[in-house]
Amino acid sequence: MSDCGAASASTRLTGGSFRAVYHSFPNFYCGRPHMRHRKILLYDLAQSEHLCEQLREMLTAEFDVQRESEATFEQASCEKSFAASLSDFRPQLVFVFLSKTLLKSPDVVFGALGVEKLKTPCIFVVEDGEPDELLTLLRLGAVDFVTAPLKAANILPRVWCLLEGTRREQTMPERLKEKIGLRKLIGESPAFLAETKKVPLVARCDACVLLAGETGTGKELYARSIHYLSARQHKPFIPVNCGAIPFELVENELFGHERGAFTGASEARPGLLQEAEGGTLFLDEVDCLPLLAQVKLLRFLQEKEYRPLGSNKTLRADVRVIGASNVDFEEAVKAGKLRKDLYYRLNVIRLTLPPLRERLGDIPLLARHFLKKFTHEFNKTPAEIPAETLELMLHYDWPGNVRELENVVERAVVLSENGVLEPENFHLVGAQPPASIESFRQAKTKTVAQFEKDYIQRLLLAYGGNITKAAQAADKNRRAFWELIRKHRIDVNSYKSFA
């Protein structure tokens, strides 16, 4: 729910403007009971008079809203004041306004408010924040966050969803959903788990997400997991490879067209945004979008509205957008391929997926997973991957990452006969067979020697080749230190020029 656009007088939810928002989301509001009896507490720790009043005006047309403001943040008084507000008002939803300073110490704020024990869902409102800071809010217990400026069209649908049954505690179905949503994300390496553990947190909110990683690292799989773990799981997940759409057709694909919009447009056709209504639109290779299409996509992300080709009507859609690319986003911005404002709009939360060569320990797990999958799919006799092949896999660079590993195992299963997987069928071009395995003592001796050499060189560099000072820093006598220099054949004179 982050990155909500500015609420001007015309967009504040009062009078006719509420009807405009109502008609923008007909599928969402149909059959909903009037919710005036629902209570929302605005708790202002940031002394954000402007933001707080904006949000209050948006909500008071439909909800009973109470505002509480703290002059200064003091943990003890804040804890007492917040508890009293909850007890007196008994809200079903709480908005907490944080300053940039408080955003940097969220654990202190959460401790004062008792968020981890609070049954009432809390949404945090901040002027601005770094992706890691916003992700920390979710990790500590926030159900969502909002960044200024605010817009009713972005905020209200989430408020209704939360008030119609979202609970802070995870029930058994939710735990099962999490297990199902993440079951295809296989791996145990620290780099992999660090990103995977963020998926349930990101799914819980409605912020834009950027997925970075090389080709074949599983960006679409992560996007699907975010979607199917979110409240949008029963709505469409629409993936589109932006690089595969001809430039002249991109806008038509995304936004649709009206009849007669161009030669050959004999009938109106909805775009992907309309198809993804209520769900998630996954834009892979988002940097390949033409700049004009990027402008229109930015407009949609800011306003939740778009205009089909040939139409004079503005439509709205409730769609979460997840972007991805295998290029460096900052470099794409510098090269002019990706608009800076679109990049900032999408880059609320970023997940960076590690390449397979940085998670070699996961290769046996992934290989056996794919082996089981394709053995069942092709009705083959169960087999085992030869030990020498697994060893070869660990010494291969995997430029195609997990996708390449999947293809390699699939090929070997297809070519297998009588439950035997032949090593030559794995087709690892350029893989070097491992050298003979060293003994523990050999490996330890080599590692210690390298450490000694690196350590001595760093000291000599730091002290400009002065052996006496370097020996003192190492807490060794000068003679012993000199012997180490001779042992590793280090040229002391080459460091004296740095003095």
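Residues take their numbers from the sequence shown, with the count starting at 1.
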How long is the span from the [atom1] atom in [X] to the [atom2] atom in [Y], to the nearest 0.5 Å?
| X | Y | atom1 | atom2 | value |
| --- | --- | --- | --- | --- |
| Asn401 | Thr217 | CG | OG1 | 6.0 Å |
| Leu353 | Asn326 | CG | CG | 11.5 Å |
| Glu285 | Asn241 | CD | CG | 4.0 Å |
| Phe374 | Asn379 | CZ | CG | 15.0 Å |
| Leu185 | Leu221 | CG | CG | 4.5 Å |
| Thr389 | Leu428 | OG1 | CG | 7.5 Å |

Decide if atom [atom1] of [X] counts as having more than 12 heavy atoms of other residues, nucleotides or ligands within a radius under 6.0 Å.
| X | atom1 | result |
| --- | --- | --- |
| Glu130 | CD | no |
| Lys380 | NZ | yes |
| Glu267 | CD | no |
| Glu452 | CD | yes |
| Arg411 | CZ | yes |

Is any side-chain heavy atom of [Y] closer than 4.5 Å to one of [X]?
| X | Y | value |
| --- | --- | --- |
| Phe370 | Ile385 | no |
| Leu156 | Phe63 | yes |
| Met393 | Leu405 | yes |
| Phe124 | Leu134 | no |
| Phe110 | Val96 | no |
| Leu315 | Pro308 | yes |
| Cys242 | Val250 | no |
| Leu113 | Cys122 | no |

key: Residue pair Glu220, Arg224: steps toward the salt bridge (charged side-chain N to carboxylate O under 4.0 Å, His left out) verdict   = CA-CA 6 Å; Glu220 183 174 337; Arg224 288 184 181 274; 3.0 Å; yes
[X] side-chain N/O to [Y] backbone N/O, donor-acceptor pair under 3.5 Å:
| X | Y | value |
| --- | --- | --- |
| Thr375 | Leu371 | yes |
| His227 | Ile238 | no |
| Arg204 | Ala142 | yes |
| Asp328 | Glu330 | yes |
| Glu195 | Thr352 | yes |
| Asp144 | Cys205 | no |
| Gln294 | Arg339 | yes |
| Glu277 | Asp318 | yes |
| Arg269 | Gly256 | no |

query = Going through the distances and angles, do Phe300 and Leu254 end up as a side chain to side chain contact (heavy atoms under 4.5 Å, CB included)?
reply = CA-CA 11 Å; Phe300 171 74; Leu254 289 178; over 6 Å; no
task = Applying side chain to side chain contact (heavy atoms under 4.5 Å, CB included), run through Leu137 and Leu98 and close with a yes or a no.
result = CA-CA 11 Å; Leu137 293 179; Leu98 294 183; 4.1 Å; yes
query = For the residue pair Tyr396 and Trp398, does the interplanar ring angle fall in the parallel (under 30°), tilted (30 to 60°) or perpendicular (over 60°) class?
reply = perpendicular
Write down the atom of [X], the atom of [Y], and the distance for their closest heavy-atom approach.
| X | Y | value |
| --- | --- | --- |
| Ile226 | Ile322 | CG2-CD1, 4.0 Å |
| Glu391 | His395 | O-ND1, 2.9 Å |
| Leu292 | Glu251 | CD2-OE2, 3.2 Å |
| Gly187 | Leu193 | O-CD2, 3.6 Å |
| Ala212 | Lys219 | C-CD, 4.2 Å |
| Leu140 | Asp107 | CD1-N, 3.7 Å |

key: Sequence-distant partners of Glu133, salt bridge (charged side-chain N to carboxylate O under 4.0 Å, His left out), two or more places apart   = Lys104
request  = Determine, stepwise, if the pair Leu283 / Val240 fulfils side chain to side chain contact (heavy atoms under 4.5 Å, CB included).
outcome  = CA-CA 5 Å; Leu283 299 177; Val240 54; 3.2 Å; yes
request  = With sequence neighbours excluded, tell me which residues meet side chain to side chain contact (heavy atoms under 4.5 Å, CB included) with Asp362.
outcome  = Glu188, Ser189, Phe192, Arg359, Leu365, Leu366
key: Verdict with supporting geometry, Val199 and Tyr222, side chain to side chain contact (heavy atoms under 4.5 Å, CB included)   = CA-CA 7 Å; Val199 170; Tyr222 271 77; 3.7 Å; yes
key: Glu305: which of Lys296, Arg316, Lys313 passes salt bridge (Lys or Arg N to Asp or Glu O under 4.0 Å)   = Arg316
